[in-house]
Amino acid sequence: MSTSKLIHGYEVVIGFETHAQLSTHSKIFSRAPTEFGAEPNTQASAVDLALPGTLPVMNEGAVERAIRFGLAIGAHVAPRSIFARKNYFYPDLPKGYQISQYEIPVVQGGEIGFFLGDEKKTVRLVRAHLEEDAGKSLHEDFVGQSGIDLNRAGTPLLEIVTEPDMRSSDEAVAYARELHKIVTWIGICDGNMQEGSFRCDANVSVRKPGQPLGTRREIKNLNSFRFMKEAIDFEVRWQIERLEDGLAIEQATVLFDPDTGETRAMRTKEDAADYRYFPDPDLPPLVIAPEWIERIQGEMPELPRLMAARFVADYGLPEYDATTLTQSKAMGAWFEEVARASGQPKLASNWIMGEVSRRLNAQEIGIEQAPLAAATLAALIRRIQDGTVSNNAARQVFDALWTGEGSDVDQVIEAKGLRQMNDSGALEQIVDEVIAANAANVEQVRAGKDKAFNALVGQAMKASKGKANPQQVGDLLRRKLGI
Amino acid sequence: MSLNSQDIARIAHLARLELHPQESERMLSQINGFFDLVEKMRAVDTSGVEPLTHPVAAIRDVALRLRADVASEPNAREQNQKSAPAVERGLFLVPKVIE
Amino acid sequence: MTQLHQFSVAELARKLKKKEVSAVELAGHFLGRVRAHADLGAYLATSEECTLKQARAADQSISAGDGGPLAGVPIAHKDIFVTRDFPSTAGSKMLQNYRSPFDATVVRRLADAGAVTLGKLNCDEFAMGSSNENSAYAPVKNPWDKSRIPGGSSGGSAVAVAAGLAAAATGTDTGGSIRQPASFCGITGIKPTYGRASRYGMIAYASSLDQAGPMARTAEDCALLLSAICGPDPDRDSTSLDVPAEDFTRALQGSIEGLRIGVPKEFLAEGVSADVRAAIESALRQYEKLGARRVEISLPRTELAIPVYYIIAPAEASSNLSRFDGVKFGHRAKQYGDLLDMYKKSRAEGFGLEVQRRIMVGTYVLSHGYYDAYYLQAQKIRRMIADDFQNAFRECDVIAGPVAPTVAWHLGEHGGDPVADYLADIFTLPGSLAGLPGMSIPCGFGEGGMPVGLQLIGNYFGEGKLLNAAHQFQQATDFHLRRPEAF
């Protein structure tokens with residue numbers, strides 16, 4: 001798949017399983033709400049609690065989101081898929097089985113492309129299937145007992161499974177970021193990792209190049225990109241050391257402990273392997289008509305990769321700029337507004353990736369919360385373009401606009417007296433004074449020393465308090481010194 | 001084919017049923033008695049036959065009905081927990097779950 | 001003169017509308033009989049308060065002139081249906097004193113039609129059984145001979161109707177649980193096409209087979225109740241079909257002149273006892289007198305239905321019953337160590353032996369490496385069985401034969417040999433696997449003067465035709481009017 005760098009002569013092989021909570025109002029098989037953080041079991045309906053006699057009824061919104069994802073990654077959306085029961089006992093699993101999809105999932109194949117630095121990568125997806133989330137076991141508050149909260153039980157999930165295509169923790173994280181970008185971009189998942197809306201499991205193994213795949217260990221519930229890298233790096237080191245010590249790797253499910261920075265194997269359920277999958281007799285096949293897919297296709301937003309490509313084509317931006325500016329739908333839109341209104345796409349890109357991003361990151365806010373409007377930045381860029389302000393002056397203006405000191409570009413320029421000096425009379429006077437005061441430099445200039453010439457220009461700029469146009473100053477000096 | 005007592009123990013564990021030795025013995029003979037019945041079925045040639053899940057699918061397509069995504073279920077915790085063996089502060093209590 | 005409990009539902013509904021009797025009076029009469037015949041073990045729960053409250057409401061709606069078709073008619077529900085007003089146990093210790101926060105759709109629909117609920121009826125635990133000996137509470141006795149079983153799993157329902165402890169009752173049929181007890185107790189019962197009645201609120205045994213249906217004295221009564229029961233339940237049950245409700249009583253006028261009655265040769269093979277065969281043969285002659293034509297047909301996979309059913313049903317049951325883990329509801333063991341121990345003890349204590357057996361079989365046939373050989377193979381043969389019926393219905397309109405090979409046997413006669421019970425289901429299982437509507441109507445008496453039922457099987461959604469065939473038979477015979485002495 002991708003060229004891989006070796007670690008101590010070992011190749012790292014990573015596959016991902018991601019559980020994305022779908023942003024529906026109601027649960028996948030019941031009418032209970034899905035909001036996060038409610039009082040325990042207040043959002044667990046009779047169906048969610050598996051009370052005797054209850055039956056599942058499928059939420060159209062969950063299917064619709066699965067279709068959107070399938071279209072976003074160029075997958076096959078199955079016209080007919082099957083819900084199956086995954087049977088196992090666990091207190092947070094009310095029915096004693098999870099309704100999932102097994103043999104025939106709703107989304108089949110597809111791929112996700114992204115940049116690792118400036119290297120283009122592609123990760124193939126095996127499938128994405130619909131299933132219900134489980135509840136939560138709370139271990140803290142009770143001595144020797146656990147408390148079960150089933151509010152989350154029945155929340156719709158899309159489980160997204162990749163081929164083992166990733167060859168480094170950086171590539172894995174880049175994939176996870178791209179996937180996160182896509183599911184939030186197309187609005188099927190709120191992407192909130194703290195609340196568990198986007199949970200990644202990484203299957204990690206190592207092998208000598210050319211050897212068959214090694215035994216993999218699954219790192220569960222990686223809920224931050226930082227931990228993701230730490231966990232995988234630790235796991236890789238651990239596996240390589242083990243193999244170097246001549247020990248075998250046993251397949252296991254491990255948890256990452258952010259505090260120790262280590263992974264540890266979970267208590268293995270010896271019958272975990274025997275889930276006794278069979279088609280759920282409570283749910284006939286999920287049939288998706290071509291018309292439905294076409295309708296959703298028509299409603300799809302422009303996807304990040306296409307938007308980036310368009311930025312390169314239409315605005316002549318470098319790949320890097322285009323990718324950076326399409327990290328979120330809002331950012332992409334903001335850029336386009338500035339680019340259009342200013343007529344200066346590259347300048348717009350520079351300002352957004354520079355001044356704007358720096359401040360957004362510093363304040364940890366998104367572009368939606370930016371204190372100045374795209375139109376305002378565009379106006380400022382126009383003023384740079386028509387020579388009204390120098391770049392340095394523009395930064396001062398921008399700062400005033402951002403802090404709210406001012407809101408109208410021209411007013412700020414006037415108020416701060418940052419307009420470039422274009423009145424040649426006043427400029428001539430300054431230049432004459434500079435020539436008079438720097439006889440030595442003048443000599444050297446006449447002797448053809450550029451350094452000295454630049455010094456004179458600097459003097460003149462200083463005297464004009466930066467308001468002069470350096471171009472103009474240079475021309476005047478040349479004329480007066482007759483060079 | 002016939003099961004042995006190890007099979008019975010494995011299945012009982014999978015099904016979370018505590019079987020006492022004599023029960024297992026009885027269970028074993030009864031289940032094997034039943035599986036003698038099943039042999040005939042295993043011999044049938046079913047190649048090319050689609051399994052029948054919803055019976056009416058024998059004569060017409062039966063597709064999953066979808067429900068509009070509307071949250072309309074009010075909080076009924078008190079009612080729903082009426083028959084719960086152990087509840088505290090709205091949580092169902094169980095012996096400590098170890099991960 | 002006829003006593004109140006000896007009238008049919010149709011007659012009672014008329015009397016109530018004409019105010020010849022009040023719903024309260026009627027409910028009181030039946031509750032009195034329920035107490036007087038408690039020894040039959042038909043009822044698991046009654047509540048005079050709730051029943052009379054419903055009866056008073058029915059009387060008011062009748063006076064107001066907006067009573068439903070069953071306004072004031074006292075019925076009872078198999079304890080497989082969950083109810084707000086009464087405990088819902090499924091005949092299991094697992095659900096002792098369980099209170100459902102909602103009513104089953106079937107219960108609600110009958111209440112909407114005005115029926116008054118007398119209580120909850122005994123049944124085999126989780127509807128698993130053919131004799132009602134698997135009830136965790138008490139075996140039910142057959143009113144025709146209290147030393148015999150009433151059949152199962154809807155035994156309580158059949159006995160309540162046969163003994164005049166309810167004007168009619170609901171039952172559920174997975175592999176014959178309405179038809180076989182109806183046959184053993186000399187009453188009329190119908191299981192509709194799978195998907196016609198909502199399964200919401202029916203404690204699940206085998207999801208792809210379970211269907212609700214009425215049990216009553218006459219085909220006309222069954223038509224009345226079935227009209228109220230059937231209809232789509234789009235918000236609650238994904239397996240309920242979008243087939244509109246019908247007034248099945250409208251179907252009862254048609255003549256059966258020229259009706260082709262198919263008799264599968266496998267249904268009258270040597271396995272059938274002489275007394276039953278005789279009753280069936282004379283019933284078939286009766287049909288010919290009524291203008292029907294007898295057609296010999298074949299259902300070649302009849303015998304296979306037994307293993308196929310006893311693979312599929314336990315497989316689905318093993319999964320459906322996993323929710324009974326002592327966490328959210330139901331029995332939890334008094335003493336236990338860790339979580340695993342709590343699960344195992346609670347389930348071992350809460351489930352009876354037959355239920356545990358089926359959970360074991362079901363778990364095994366779904367377990368790793370056996371799924372294809374058992375569950376999948378069974379589901380494929382199931383389709384072949386359904387196809388056999390479609391072939392048969394090219395030659396006939398209705399299929400007829402015995403419900404069971406014998407009349408009701410004696411309590412304990414099968415000595416707890418499950419396979420003996422399984423074999424007795426042979427004639428009801430094929431129709432169940434195909435999801436076809438099926439009936440049992442009284443057609444004579446056999447060994448020990450015990451009732452014999454004629455099974456009628458219709459094609460999908462052919463309930464009307466089926467009920468009419470039964471109704472015409474009952475217009476010409478009086479087996480359905482006979483009642484056990486002292487009842």
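Per chain, numbering begins at 1; letters A, B, ... match sequence-line order. Keep in mind that the numbers below use all heavy atoms, side chains included, and drop hydrogens, waters and symmetry copies.
- Summarising the geometry, atom CZ belonging to Arg347(C) is positioned 6.0 Å from atom CE belonging to Met94(C); distances are rounded to the nearest 0.5 Å.
- Looking at Pro418(C), the atoms closer than 4.5 Å to chain B (heavy atoms on both sides) all sit in the side chain, from C-beta outward.
- Ranking Asp417(C), Ile306(C), Ile312(C), Ile311(C) against chain B, the residue ahead of the rest is Ile311(C), based on heavy-atom pairs under 4.5 Å.
- Interface summary for chain B: among Gly195(C), Ala386(C), Ala373(C), the most heavy-atom pairs under 4.5 angstrom belong to Ala373(C).
- Among the candidates Leu321(C), Thr193(C), Leu241(C), Val419(C), the residue making the largest number of heavy-atom pairs closer than 4.5 Å to chain B is Leu241(C).
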Practice item. With side chain to side chain donor-acceptor pair (under 3.5 Å) as the test, would you mind laying out the steps for Asp79(C) and Thr89(C) before giving the verdict? Key: CA-CA 6 Å; Asp79(C) 210 14; Thr89(C) 71; 2.5 Å; yes

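- The backbone N or O of Met128(C) sits less than 3.5 Å from a side-chain atom of Asn134(C), completing a donor-acceptor pair.
- Checked by atom type and distance alone, the side chain of Ser240(C) never pairs as donor or acceptor with a backbone atom of Pro232(C) at under 3.5 Å.
- Heavy-atom pairs under 4.5 Å with chain B were tallied for Met384(C), His331(C), Glu303(C); the largest tally goes to Met384(C).
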Practice item. Go through the steps to decide whether Tyr336(C) and Lys344(C) satisfy the test side chain to side chain contact (heavy atoms under 4.5 Å, CB included), and finish with yes or no. Key: CA-CA 9 Å; Tyr336(C) 53 81; Lys344(C) 291 186 171 184; over 6 Å; no

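- The candidate from Ser322(C), Ala378(C), Ser318(C) with the greatest count of non-hydrogen atom pairs under 4.5 Å with chain B is Ala378(C).
- At distances below 3.5 Å, not a single donor-acceptor pair connects side-chain atoms of Asp425(C) with backbone N or O atoms of Thr428(C).
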Practice item. Take Ser47(B) and Asp45(B), measure what side chain to side chain donor-acceptor pair (under 3.5 Å) needs, and give me the verdict at the end. Key: CA-CA 6 Å; Ser47(B) 43; Asp45(B) 174 10; 2.5 Å; yes

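- In this structure, chain B has heavy atoms under 4.5 Å from both the backbone and the side chain of Asp242(C).
- One finds a salt bridge joining Arg357(C) and Glu354(C) here, because a Lys/Arg side-chain nitrogen approaches an Asp/Glu carboxylate oxygen to under 4.0 Å.
- The greatest number of non-hydrogen atom pairs below 4.5 Å with chain C, out of Ile59(B), Leu93(B), Val62(B), is found for Ile59(B).
- Residue Asp372(C) does not touch chain B at all, counting heavy-atom pairs closer than 4.5 Å.
- Aromatic pair Phe324(C)/Tyr98(C): centroids not less than 6.0 angstrom apart.
- Taking CG from Asp388(C) and CZ from Arg301(C), the interatomic distance works out to 4.5 Å, rounded to the nearest 0.5 Å.
- When each of Tyr310(C), Tyr194(C), Tyr343(C), Phe102(C) is scored by its heavy-atom pairs under 4.5 Å with chain B, the top score falls to Tyr194(C).
- For Met342(C), the part sitting under 4.5 Å from any heavy atom of chain B is the side chain, from C-beta outward, and nothing else.
- Neither the backbone nor the side chain of Phe389(C) comes within contact range of chain B; no heavy atoms are under 4.5 Å apart.
- Contact annotation for Tyr422(C): only side-chain heavy atoms (C-beta onward) come within less than 4.5 Å of a heavy atom of chain B.
- Using a 4.5 Å cut-off between heavy atoms, Met27(B) touches chain C through its side chain atoms alone.
- With ring centers used as reference points, Tyr460(C) lies 6.0 Å or more from Phe393(C).
- Heavy atoms of Lys82(B) lying under 4.5 Å from chain C belong exclusively to its side chain.
- Of the two parts of Gln356(C), the backbone and the side chain both hold a non-hydrogen atom closer than 4.5 Å to a non-hydrogen atom of chain B.
- Interface remark: of the candidates Val44(B), Ile31(B), Leu37(B), Val94(B), Val44(B) forms the most heavy-atom pairs closer than 4.5 Å to chain C.
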